[in-house]
Each structure stands twice: as structure tokens, then as C-alpha cells.
J.: 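The structure follows.
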Amino acid sequence: MYPAVVVKEVVVVKEMVPPSPLIFDRRLLRAHRARAAALGPSTFLLERVAEDLSDRLAAVLRQFDRAVDLGTPTEAVGRALAASGKVGAVIRAADGCYGQSVGLVADEEALPFRDGSLDLLVSALSLQFVNDLPGALVQIRRALKPDGLFLAALIGGDTLTELRQAFAAAEAEIEDGISPRVAPFADLRDIGALLQRAGLALPVTDADRLTVRYASPIALMHDLRRMGAANPLAERSRRPLRRKTLRRMLEIYAERFADRDGRVRATFEIIWLSGWAPHESQQKPLAPGSARQRLADALGVKEISAGDKAGR
């Protein structure tokens with residue numbers, strides 16, 4: 001007789017990570033940028049961002065041997081880096097759809113850089129069209145050397161709020177429902193949390209709001225085409241925009257957002273974000289309870305306990 005053998009079935013369940021939602025049609029975005037290059041691109045926002053980036057980099061007291069300009073549609077940021085005197089080699093990594101030369105054809109959603117290979121990575125007005133922004137930030141942090149700097153500007157959530165409101169009101173009034181006409185962009189508070197989630201140290205975010213005046217909403221829409229910023233949403237309506245809806249949108253825009261001279265306003269919000277790849281030399285917050293001196297002693301005042309405060 002042989003002893004009974006009990007076989008237990010072991011089931012290994014592998015957790016599946018859901019894919020990132022497809023918000024932007026990246027192929028359509030590249031087509032929009034190629035069309036903008038053919039029309040003659042409108043680059044005033046990029047030129048402004050490049051100038052601001054140069055000023056921000058000037059405040060950083062160190063040199064960067066190897067830098068990458070990631071996804072910026074034009075050469076404006078690359079020129080600013082070269083003129084800063086703080087950067088050695090500058091590699092421009094982009095899709096090349098604006099008709100300008102790039103050092104490396106790259107997609108912001110799948111970076112081709114080795115871990116710990118870059119001293120500086122910058123990006124201007126590109127990362128807002130990434131479907132998986134948290135994943136892109138993690139890739140950026142991995143590509144940086146310890147104590148490497150990430151500095152970027154992207155379009156914020158208040159951008160084109162006037163156009164969004166006018167389209168929504170016109171469609172609600174004339175058509176059966178509202179369709180997505182203006183892309184949703186990240187909020188300033190969300191960006192700060194994403195930097196920390198990606199593992200970047202000393203994260204900083206701030207916003208710059210710019211109001212641009214146009215002769216009409218149509219002039220604004222033409223300018224957006226020349227920026228390569230026409231609607232790139234994957235869930236955009238495939239139906240042609242009805243003339244009646246367009247006319248009503250133009251009326252609502254002029255009623256709500258026109259100045260006395262008849263020109264209309266358009267808001268552009270630029271969110272700035274920066275963070276460093278972790279390094280032991282960086283400042284770190286003290287652990288709770290590690291203070292060696294009471295705050296009252298440092299201020300030269302008498303400390304009152306919570307109980308005494310309640311009694312008074």
C-alpha cells in the first residue's frame with residue numbers, strides 16, 4: 001500500500017495592467033502639424049515659451065553636458081539652449097512634422113534613451129498631447145542621470161475656455177447634444193502630483209496665463225490650424241460642423257468675449273513644470289520629531305500648552 005498523495009491545484013493570477021485611455025489621435029496630430037508647416041506655422045507661443053525657458057535655465061547655477069529637446073514642434077527651444085552657454089550637446093528629438101530638421105525622430109510616448117543618459121531634458125508645448133502623461137514622466141525620470149533636470153512647458157486646462165464655452169452653448173441650443181470640440185488639458189494641481197508620482201525630486205509647477213486678442217473667432221480658428229492645434233481628440237465627432245451651429249457659436253463668442261473695439265479674447269494657459277532625478281546631494285525634509293530646538297525658544301517667546309489655551 002502506498003500513502004495517499006494529495007495534489008493541490010495552484011492557480012497563479014497575473015494582474016493585467018489596463019492600457020492607457022486613448023484620448024488623442026497621434027496620427028491625426030502629426031497630420032495637423034504637417035498641414036501647419038505647409039500653411040506657414042504660427043509660432044508666437046513657442047517663441048514666448050523658448051524665451052521664458054531660457055530665463056528659467058539661467059537661474060540654475062550649473063552646466064549640462066548632454067541635453068535633449070523633446071517633442072518641441074520648432075527649433076526655438078534648441079536655439080535658446082545653444083545660446084544659453086549652459087549646455088554642451090543638444091539633441092532635438094521630435095516627429096519632424098513641422099518640416100524642420102531633427103537630430104532624432106522620436107515619439108514622446110516611447111522614449112529611445114538609455115536609463116541615466118541625459119543631464120537635461122526640456123520640452124515645449126508638446127507633452128499635453130501625450131495619452132499616457134504619467135508614463136511619459138516616468139520614462140523621462142529614468143532617462144535622466146542622477147541630479148539631472150527636467151524642465152517643460154505644456155498647455156493647461158484653462159486654454160481656449162472661451163471657444164469651449166461658445167461651442168458648448170451653440171451645440172446645446174441647436175443640436176441634440178455637445179460633442180468634444182476643444183481638447184481637455186491637465187490642471188496645474190494634477191501636474192504637481194504627477195511629478196511626485198514619477199519619482200522626480202524637488203518638483204515645482206506654476207502657470208502663465210496669456211490673453212490674445214483676435215479680429216474674430218474665425219481668425220482664432222485659422223491661427224489654431226497654423227499652430228497644428230486643430231481638434232486631435234480620438235472621440236471627436238466625425239460629422240461635419242453645421243453652418244447654423246457655427247454661426248451661432250460665432251454670435252455667442254462675440255456676445256460673451258468681445259472687447260469694446262469688437263476684437264475677441266482667447267486665453268492660453270501655459271503650465272511650467274520642473275523636477276530633478278533623485279541624488280543624495282539634494283535637500284531633503286527632516287524626519288518628524290528630529291528637531292533639536294523648540295520653536296518657542298527660536299522665536300524667543302513663552303510656549304503655552306494646548307490645555308492652558310483651553311482654560312483661557
Side-chain angles (χ1 to χ4, degrees), residues 16-37 39 42 45 70-71 73 94-95 97-98 106-111 123 125-139 152-191 193-194 197 217-218 220-250 252-253 256-257 266-271:
M16 299 298 293
V17 178
S20 299
L22 185 64
I23 302 172
F24 302 106
D25 185 336
R26 301 276 296 173
R27 181 179 298 179
L28 180 62
L29 175 63
R30 289 190 289 270
H32 286 168
R33 288 176 172 174
R35 180 179 63 186
L39 293 173
S42 175
L45 279 180
L70 177 64
D95 55 24
C97 290
Y98 258 49
D107 189 327
E108 301 95 320
E109 295 186 341
L111 301 188
S123 181
L125 306 190
S126 176
L127 293 176
Q128 69 271 2
F129 291 123
V130 170
N131 284 301
D132 182 13
L133 183 55
L137 293 176
V138 169
Q139 292 184 65
L154 50 81
I155 295 297
D158 286 342
T159 297
L160 300 178
T161 181
E162 302 88 354
L163 186 62
R164 184 182 292 109
Q165 293 178 48
F167 259 126
E171 287 188 311
E173 181 179 322
I174 294 174
E175 303 191 16
D176 296 335
I178 299 174
S179 58
R181 300 282 181 182
V182 180
F185 298 118
D187 182 79
L188 179 63
R189 291 167 294 184
D190 297 334
I191 293 295
L194 290 180
R197 177 177 166 185
I218 290 292
L220 164 63
M221 295 169 73
H222 284 316
D223 211 23
L224 293 176
R225 279 193 166 213
R226 293 174 54 233
M227 293 179 189
N231 189 355
L233 291 172
E235 297 298 326
R236 66 193 180 280
S237 174
R238 265 58 173 183
R239 295 177 303 171
L241 179 62
R242 295 169 58 182
R243 290 186 178 182
K244 185 177 181 181
T245 305
L246 177 60
R247 284 196 299 268
R248 184 61 183 135
M249 185 279 291
L250 297 177
I252 293 172
Y253 202 120
R256 298 184 182 181
F257 306 112
T267 299
F268 293 91
E269 182 185 35
I270 299 171
I271 293 180

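All values below come from the heavy atoms of this structure, side chains included, with hydrogens, waters and symmetry mates left out.
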J.: Report the residues that fulfil side chain to side chain contact (heavy atoms under 4.5 Å, CB included) with Arg236, sequence neighbours left out, ordered by chain and then residue number.
T.: Asp25, Leu28, Asn231, Leu233, Arg238
J.: To the nearest 0.5 Å, what is the distance between CG (Leu194) and CG (Leu127)?
T.: 11.5 Å
J.: In chain order, what residues pass the salt bridge (Lys or Arg N to Asp or Glu O under 4.0 Å) check against Arg256, with sequence neighbours excluded?
T.: none
J.: Hey, could you give me the CZ/NE2 distance between Arg225 and His32, rounded to the nearest 0.5 Å?
T.: 7.5 Å
J.: Which residues pass the salt bridge (Lys or Arg N to Asp or Glu O under 4.0 Å) test with Asp223, sequence neighbours left out?
T.: Arg226
J.: How close do Gly156 and Ile271 get, counting heavy atoms only, and between which atoms?
T.: CA-CD1, 3.6 Å
J.: Over all heavy atoms of both residues, which pair between Gly71 and Ala94 is shortest? Give the atoms and the distance, please.
T.: CA-CB, 4.1 Å
J.: Can you tell me how far CG of Leu241 sits from CG of Leu246, rounded to the nearest 0.5 angstrom?
T.: 5.0 Å
J.: State which residues pass side-chain hydrogen bond (donor to acceptor under 3.5 Å, both in side chains) with Arg189; sequence neighbours excluded, sorted by chain then number.
T.: Asp187
J.: With sequence neighbours excluded, what pairs up with Phe24 under the ring pair (Phe, Tyr, Trp, His ring centres under 6.0 Å) test?
T.: Phe129
J.: Taking only residues at least two apart or on different chains, which pairs with a member in residues 152-178 satisfy ring-ring contact (aromatic ring centres under 6.0 Å, His included)?
T.: none
J.: Rounded to the nearest 0.5 Å, how far does CG of Asp132 lie from CD of Gln139?
T.: 8.0 Å
J.: If the condition is side-chain hydrogen bond (donor to acceptor under 3.5 Å, both in side chains), which residues does Glu235 pass it with, not counting sequence neighbours?
T.: none
J.: What residue pairs, at least two apart or across chains, pass salt bridge (charged side-chain N to carboxylate O under 4.0 Å, His left out) with a residue in residues 153-172?
T.: Asp158-Arg209, Glu171-Arg181
J.: Working to the nearest 0.5 angstrom, can you tell me the gap between Leu137 CG and Arg197 CZ?
T.: 9.5 Å
J.: Residues in side-chain hydrogen bond (donor to acceptor under 3.5 Å, both in side chains) with Glu109, at least two apart?
T.: Asn131
J.: By side chain to side chain contact (heavy atoms under 4.5 Å, CB included), which residues pair with Gln128, not counting sequence neighbours?
T.: Leu125, Leu154, Ile155, Phe185
J.: Which heavy atom of Val130 sits nearest to which heavy atom of Leu133, and what is that distance?
T.: CG1-N, 3.8 Å
J.: Using the salt bridge (Lys or Arg N to Asp or Glu O under 4.0 Å) criterion, which residues pair with Glu108? Sequence neighbours excluded.
T.: Arg26
J.: Rounded to the nearest 0.5 Å, how far does CG of Asp107 lie from CG of Leu70?
T.: 9.0 Å
J.: Holding to side chain to side chain contact (heavy atoms under 4.5 Å, CB included), I want the full list of residues that pass it with Ala166, two or more places apart in sequence or in another chain.
T.: Met249, Ile252, Tyr253
